[in-house]
Peer 1: 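The structure is given below, and queries will be raised subsequently.
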Number of protein chains: 2
Amino acid sequence: MLGGPPNPEIRRTLKAAGLRSTRQRHALASVLLRHGNRHVTAETLHAEVRAEGVKVSLATVYNTLHSFTRAGLLRELMVESGPSYFDTNTTPHHHFLDQRTGVLTDIPNGRLRVTGIPSPPESGEIAGVEVIVRVHSGGPE
Amino acid sequence: MLGGPPNPEIRRTLKAAGLRSTRQRHALASVLLRHGNRHVTAETLHAEVRAEGVKVSLATVYNTLHSFTRAGLLRELMVESGPSYFDTNTTPHHHFLDQRTGVLTDIPNGRLRVTGIPSPPESGEIAGVEVIVRVHSGGPE
DNA sequence: GTGTTTGCAAAGTGTTTGCAATTTA
DNA sequence: TAAATTGCAAACACTTTGCAAACAC
């Protein structure tokens with residue numbers, strides 16, 4: 001399903017990000033951007049492209065995830081110990097973290113507000129605010 | 001400064017937490033609880049007790065940090081890739097993270113509010129809300 | 001004395017890196 | 001063909017673990 005000819009739209013996306021369109025990057029971008037918002041780790045993404053028959057090394061998956069992040073195509077989330085997550089939703093938003101399953105879910109940018117932030121120490125500027133709402137779901141009955 | 005006789009208050013704290021008062025745990029607790037709120041990693045704490053002349057292995061520091069966390073004496077923060085931080089302030093509060101220096105600072109429990117959290121997926125219950133305010137400070141002139 | 005804790009070294013995870021071979025533009 | 005990218009294996013940072021010796025109660 002992925003060995004075919006390059007998709008011109010993905011090629012354009014990579015170009016626009018200043019990245020050469022290689023077979024590996026194309027396959028990764030294609031999987032990442034195929035559905036809506038996703039939270040992947042290097043391992044899960046690697047498994048996914050390989051399952052489609054594309055040969056990519058794990059090191060390349062790491063490199064590519066970072067390139068994509070630098071290019072603004074992804075956002076990196078360091079939520080727990082364990083692997084980093086990469087979020088295909090790069091707009092400002094926050095997350096639910098299910099403590100039992102480890103699953104991350106977007107909190108849609110909407111009603112959630114953080115107010116009353118005091119001014120930062122060291123005369124610094126606020127670069128971003130991240131909210132994690134830890135949830136414990138009741139497990140399967 | 002730390003090789004002396006055990007401090008009875010620290011012994012009591014450990015006892016109350018259901019932990020035997022060993023030389024190592026006593027030294028670690030003593031350093032941790034000496035000043036106000038602190039953010040330590042296993043490495044920084046290890047260096048600190050050893051600088052006081054107490055011999056403790058790094059493995060024991062890790063074990064002890066987790067015991068203390070389980071006992072409610074510390075709170076673990078996983079803020080970035082890199083090492084875990086342990087916070088001696090176990091009351092609900094949030095943090096500034098200086099992106100340049102990596103330094104964590106408490107946001108005192110006060111005006112900061114998170115409002116408009118939608119109900120969690122999977123009929124889960126909210127177990128906690130964590131806010132990280134990323135700050136970029138202007139570096140030393 | 002008995003069960004707990006320690007320290008070491010080894011193993012484990014997740015990630016990065018050096019570098020030769022390959023590929024892209 | 002020049003510059004970028006890949007893949008491998010080795011290195012890396014942080015953390016956990018197995019187990020014998022040491023220790024607290």
Side-chain angles (χ1 to χ4, degrees), chain A residues 3 5-8 10-29 39-47 49-50 53-71 73-74 76-86 102 104, chain B residues 2-3 5-8 10-29 39-47 49-50 53-71 73-74 76-86 102:
Chain A
N7 171 333
I10 292 180
R11 284 182 71 89
R12 251 181 278 121
T13 305
L14 291 172
K15 271 287 168 56
L19 299 167
R20 284 191 180 178
S21 175
T22 67
R23 190 174 49 78
Q24 292 85 339
R25 295 214 263 235
H26 189 280
L28 292 166
H39 302 104
V40 303
T41 67
E43 293 280 5
T44 62
L45 181 58
H46 187 225
V49 261
R50 305 203 111 219
V54 180
K55 286 171 75 173
V56 192
S57 77
L58 185 55
T60 295
V61 174
Y62 276 106
N63 290 336
T64 304
L65 285 171
H66 288 136
S67 303
F68 285 7
T69 301
R70 249 178 275 119
L73 262 38
L74 296 175
E76 187 170 5
L77 300 174
M78 288 163 294
V79 149
E80 285 282 275
S81 62
S84 281
Y85 281 80
F86 291 85
L104 275 174
Chain B
L2 250 171
N7 171 334
I10 292 179
R11 284 182 72 87
R12 250 180 277 121
T13 305
L14 291 172
K15 271 286 165 58
L19 298 167
R20 285 193 179 175
S21 176
T22 67
R23 189 174 50 76
Q24 291 86 338
R25 293 213 261 233
H26 188 280
L28 292 166
H39 301 103
V40 303
T41 67
E43 293 279 5
T44 62
L45 181 58
H46 187 226
V49 263
R50 304 203 110 218
V54 180
K55 286 171 76 173
V56 192
S57 77
L58 185 56
T60 296
V61 175
Y62 276 106
N63 290 336
T64 304
L65 285 171
H66 288 136
S67 303
F68 285 8
T69 301
R70 249 178 274 118
L73 263 36
L74 296 175
E76 187 170 5
L77 301 175
M78 287 163 294
V79 149
E80 285 282 275
S81 62
S84 281
Y85 280 79
F86 292 84

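Here is how names work: the chains are called A, B, and so on, in the same order as the sequence lines, proteins then strands, and each is numbered from 1. Atom set for the values below is all heavy atoms of this structure, side chains included, hydrogens, waters and symmetry mates excluded.
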Peer 1: In chain order, what residues pass the ring pair (Phe, Tyr, Trp, His ring centres under 6.0 Å) check against His46(A), with sequence neighbours excluded?
Peer 2: none

Peer 1: Provide the closest heavy-atom pair for Leu65(B) versus Ala42(B) in the form atom of the first, atom of the second, distance.
Peer 2: CD1-CA, 3.7 Å

Peer 1: What residues, two or more places apart in sequence or in another chain, satisfy side chain to side chain contact (heavy atoms under 4.5 Å, CB included) together with Ser81(B)?
Peer 2: Met78(A)

Peer 1: Which nucleotide of DNA chain D is the first, and which the last, in the 5' to 3' direction, to come under 4.0 Å of a heavy atom belonging to chain B?
Peer 2: dC14(D) to dC25(D)

Peer 1: List for me each residue that meets side chain to side chain contact (heavy atoms under 4.5 Å, CB included) alongside Ala17(A), sequence neighbours excluded, and say none if there are none.
Peer 2: Leu19(A), Ala71(A), Leu73(A)

Peer 1: Answer yes or no: is there a side-chain heavy-atom contact under 4.5 Å between Arg25(B) and Phe68(B)?
Peer 2: yes

Peer 1: Applying ring pair (Phe, Tyr, Trp, His ring centres under 6.0 Å), name anything that partners Phe86(A), two or more places apart in sequence or on another chain.
Peer 2: His66(A)

Peer 1: With sequence neighbours excluded, what pairs up with Glu76(A) under the salt bridge (Lys or Arg N to Asp or Glu O under 4.0 Å) test?
Peer 2: none

Peer 1: How long is the straight-line distance from CG of Leu58(B) back to CG of Leu45(B), given to the nearest 0.5 Å?
Peer 2: 9.5 Å

Peer 1: Could you write out DNA chain D as a dot-bracket string, with dots for unpaired bases, | for bases paired across to another strand, and Watson-Crick or G-U pairs counted at under 3.5 Å?
Peer 2: |||||||||||||||||||||||||

Peer 1: What's the separation between atom CD1 in Ile10(B) and atom NZ in Lys15(B), rounded to the nearest 0.5 Å?
Peer 2: 14.0 Å

Peer 1: Heavy atoms only, 4.0 Å cut-off, all strands: where does Ser84(A) land among base, sugar-phosphate and nothing?
Peer 2: sugar-phosphate

Peer 1: Please produce a list of atom pairs where a protein N or O lies less than 3.5 Å from an N or O of nucleotides 10-13 of chain C.
Peer 2:
none

Peer 1: Return the residues of residues 16-24 of chain B meeting this criterion: a heavy atom under 4.0 Å from some atom of DNA chain D. Order them by number, or give none.
Peer 2: Arg20(B), Ser21(B)

Peer 1: Kindly write out the residues that satisfy side chain to side chain contact (heavy atoms under 4.5 Å, CB included) with Thr60(A), not counting sequence neighbours, or none if the list is empty.
Peer 2: Gln24(A), Val56(A), Ser57(A), Thr64(A)

Peer 1: Considering residues at least two apart in sequence or located in another chain, which fulfil the ring pair (Phe, Tyr, Trp, His ring centres under 6.0 Å) criterion with Tyr62(B)?
Peer 2: none

Peer 1: Is it true that a side-chain atom of His26(B) and a backbone atom of Asn7(B) form a donor plus acceptor pair closer than 3.5 Å?
Peer 2: yes

Peer 1: Separation of Glu80(B) atom CD from dT15(C) atom P, in whole Å?
Peer 2: 13 Å

Peer 1: Between Thr44(B) and Val40(B), is there a donor-acceptor pair closer than 3.5 Å when you use the side chain of the first and the backbone of the second?
Peer 2: no

Peer 1: Can you tell me how far the CG atom of Leu28(B) sits from the OG1 atom of Thr22(B), to the nearest 0.5 Å?
Peer 2: 8.0 Å

Peer 1: May I have the distance from Leu28(B) (atom CG) to dT5(C) (atom P), rounded to whole angstrom?
Peer 2: 14 Å

Peer 1: Can you measure from OG (Ser84(B)) to CD (Glu43(B)) and round to the nearest 0.5 angstrom?
Peer 2: 12.0 Å

Peer 1: Nearest whole angstrom, please: distance from the P of dG14(C) to the CZ of Phe86(A).
Peer 2: 14 Å

Peer 1: Does any residue of residues 55-68 of chain A have a heavy atom under 4.0 Å from DNA chain C, and if so, which ones, in number order?
Peer 2: Ala59(A), Tyr62(A), Asn63(A), His66(A)

Peer 1: Categorize Thr41(B) for me: base, sugar-phosphate, or nothing, with a 4.0 angstrom heavy-atom threshold over every strand shown.
Peer 2: nothing

